[in-house]
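My questions all concern the structure below.
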Amino acid sequence: MARDLTGRAVTLLVYILLAVMWNALADFAGLVSIGQTLFFGLAAYTTIRLADVGLDPYLAILASVATGAGLGYVTSLFMLSLKGGEFAIGMWVLSSLAHLCVNLDPLIQGETGTSLISLNAYPIETRSSLTLWLALGLTAAVLLTLFTLLRSPTRAAVNAIRDDELGAKSIGIDVMRTKRIIFVLAAAGTAAAGALWLASNLNFQPRVFFGVHWTAYMIFMVLVGGLGRIEGAIIGAILFFVIETFFATYGAWYLVGLGAVAVFVALILPKGLWGWIGPRLPGEAIPTGYIVEKSKA
């Protein structure tokens, strides 16, 4: 029972990472990506590969997060020149190419996949605890980094770019550098989610980790919770987690239910759940997703 609860807790943290990172990418940097599975899947694959050559699996997870950040930087050098739909489709193409390349690795055995066998060296209870603590640590580190960015001069640049990119350029803001910072952070956070999902489930099948359903989940969580709000992304992740926990066994009806919830929120609460809840809380009239300086009297 305790192991089941630990596994579910890791799942929730993975969803929070995915939602917050996609929200940061889409709203703060104005980059709508449908190919974040590039980092999610490659992080899991990197963990498998590093563990196969003898690296401790938990060190392999940390290394895969760093690799995700590095891949995010390299990818940003050519992908950030694309705009709107071109960027979205370009990321999906890169994710599909990565999927095909991973399938060619004999270790992975195509779509059959493989397992993170080296984790079996740890007793089950120890493995569950270590995975949970690692998930808590990585989630806290990613969220702290994002909050730090929003309290730094980068915050003003992000707000300016979101409001008017051409105007931001005209006043000397390095738009490409600012977007790259957010893009790399989103890549690292999504990579952390992929590696943690592997550690929690052990099995690696390329079609699962590179599946487009992850993109649908990210969009659902962010739009239902509230686009542009860190709190909204977290609430959306929690709501999705609850729905999945209680209704995933209903098969196709579960997917119908997700769609119904998304349509309901879009029609009734266009700013998401936090867009409705936030202004009704004491001291929350001003969005806390962005740090706004009060003018001095």
### Message
Please find the pair of heavy atoms, one from Gly228 and one from Asn23, that lie closest to each other, and give the distance.
### Response
N-OD1, 2.7 Å

### Query
Where do Gly72 and Ala187 come nearest, in terms of heavy atoms and distance?
CA-CB, 3.7 Å

### Message
When you group the ILVMFWY residues by side-chain heavy-atom contacts below 4.5 Å and let the links chain together, are Met91 and Val74 in the same group?
### Response
no

### Message
Do Phe204 and Leu116 have side chains that approach each other closer than 4.5 Å (heavy atoms only, starting at C-beta)?
### Response
no

### Query
Do the side chains of Leu12 and Arg8 get nearer than 4.5 Å, heavy atoms only?
no

### Message
Could you report the tightest heavy-atom contact between Leu13 and Ala135, atom names first, then the distance?
### Response
CD1-CB, 3.7 Å

### Message
Is it true that, when you exclude Phe246 itself, more than 12 heavy atoms of the residues, nucleotides or ligands shown sit nearer than 6.0 Å to its CZ?
### Response
no

### Query
Between the side chain of Thr11 and the main-chain N/O of Gly7, is any donor-acceptor distance below 3.5 Å?
yes

### Message
Show me the pairs that pass ring-ring contact (aromatic ring centres under 6.0 Å, His included) and involve residues 92-140, at least two apart or across chains.
### Response
Tyr58-Tyr122, His99-Phe210

### Query
Do Ile48 and Leu104 belong to the same hydrophobic cluster, where Ile, Leu, Val, Met, Phe, Trp and Tyr are linked whenever their side-chain heavy atoms lie under 4.5 Å apart, directly or via other members?
no

### Message
Hydrophobic clustering (ILVMFWY, side-chain heavy atoms < 4.5 Å, transitive) - are Leu255 and Leu239 grouped together?
### Response
yes

### Task
State which residues pass side chain to side chain contact (heavy atoms under 4.5 Å, CB included) with Val93; sequence neighbours excluded, sorted by chain then number.
Ile89, Leu97

### Query
If you round to the nearest 0.5 Å, how far is OG1 of Thr46 from CG of Leu42?
6.0 Å

### Task
Sort and list the pairs that fulfil side-chain hydrogen bond (donor to acceptor under 3.5 Å, both in side chains) and have at least one residue in residues 193-210, not counting sequence neighbours.
Ser115-Asn203

### Query
Ile277 and Ile268: same hydrophobic cluster, using ILVMFWY side-chain contacts below 4.5 Å?
yes

### Query
Considering only heavy atoms from C-beta outward, does the side chain of Val20 approach that of Val142 to under 4.5 Å?
no

### Query
Is there side-chain contact between Val224 and Leu269, with at least one heavy-atom pair below 4.5 Å?
no

### Message
Can you list, by chain and residue number, the hydrophobic cluster partners of Val184 when the side-chain cut-off is 4.5 Å?
### Response
Tyr73, Leu77

### Message
Quick check: Phe209 with Tyr45 (ring centres under 6.0 Å apart)?
### Response
no

### Task
Without swapping roles, check the side chain of Thr215 against the backbone of Ile34 for a donor-acceptor pair under 3.5 Å.
yes

### Summary
Here the gap from Trp276 atom CH2 to Lys271 atom NZ, rounded to the nearest 0.5 Å, amounts to 14.5 Å

#### Entry: Side chains of Phe28 and Leu146 in contact at under 4.5 Å (non-hydrogen atoms)
yes

### Query
Do the side chains of Ile181 and Leu185 get nearer than 4.5 Å, heavy atoms only?
no

### Task
Please report the shortest heavy-atom distance between Ala160 and Ile173, naming the atom on each side.
CB-CD1, 3.5 Å

### Task
Hey, could you give me the CZ/CD1 distance between Arg229 and Ile235, rounded to the nearest 0.5 Å?
9.0 Å

## Note on the structure
On a heavy-atom basis, the closest approach of Arg180 and Ser76 is NE-OG, 2.8 Å

### Task
Start with the C-alpha distance between Leu258 and Phe220, add both sets of side-chain angles, then the distance that settles side chain to side chain contact (heavy atoms under 4.5 Å, CB included), and finish with yes or no.
CA-CA 8 Å; Leu258 283 181; Phe220 174 87; 3.7 Å; yes

### Message
If you apply the rule side chain to side chain contact (heavy atoms under 4.5 Å, CB included), what do you find for Met218 with Gln36, and how did you get there?
### Response
CA-CA 9 Å; Met218 293 180 217; Gln36 290 305 98; 3.9 Å; yes

### Message
Can you confirm whether the side chains of Tyr254 and Glu244 place a donor and an acceptor under 3.5 Å from each other?
### Response
no

### Query
Applying the side chain to side chain contact (heavy atoms under 4.5 Å, CB included) test to Leu18, which of Phe240, Tyr217, Trp214 qualifies?
Trp214

### Query
With the 4.5 Å side-chain cut-off for hydrophobic clustering, are Leu25 and Val212 part of the same group?
no

### Query
Tell me, do Leu134 and Ile61 make a side-chain contact under 4.5 Å, heavy atoms counted?
yes

### Task
Give a yes or no on whether the backbone of Ala186 and the side-chain of Thr190 come within a donor-acceptor separation of less than 3.5 Å.
yes

### Message
Once side chain to side chain contact (heavy atoms under 4.5 Å, CB included) is applied, do any residues pair with Ser81, and if so which ones, sequence neighbours excluded?
### Response
none

### Task
Could you walk me through whether Leu138 and Leu62 pass the side chain to side chain contact (heavy atoms under 4.5 Å, CB included) test, one step at a time?
CA-CA 9 Å; Leu138 287 173; Leu62 294 176; 4.1 Å; yes

#### Entry: From CA spacing to verdict: side-chain hydrogen bond (donor to acceptor under 3.5 Å, both in side chains), Ser95, Thr37
CA-CA 6 Å; Ser95 178; Thr37 46; 2.6 Å; yes

### Task
Quick one: name the residues clustered hydrophobically with Ile117, using the 4.5 Å side-chain heavy-atom rule over I, L, V, M, F, W, Y, and just say none if it's on its own.
none

### Flag side-chain contact, heavy atom, 4.5 Å: Leu196 against Leu17
yes

### Summary
In short, Ser64 meets Ala43 closest at the heavy-atom pair CB-O, 3.4 Å

### Message
Salt bridge or not between Arg49 and Asp105? Use side-chain N to carboxylate O under 4.0 Å.
### Response
yes

### Distance, nearest 0.5 Å, that separates CG of Leu5 from CG of Leu132
10.5 Å

### Query
Distance from Thr139 atom OG1 to Tyr15 atom OH, nearest 0.5 Å?
13.5 Å

#### Entry: Interatomic distance, Ile182 atom CD1 to Leu149 atom CG [nearest 0.5 angstrom]
5.5 Å

### Task
Please answer whether the main-chain N or O of Ser33 pairs with a side-chain N or O of Trp22 as donor and acceptor at a distance below 3.5 Å.
yes

### Message
Pair Tyr250, Val256 - check side chain to side chain contact (heavy atoms under 4.5 Å, CB included), show working.
### Response
CA-CA 10 Å; Tyr250 287 90; Val256 171; over 6 Å; no

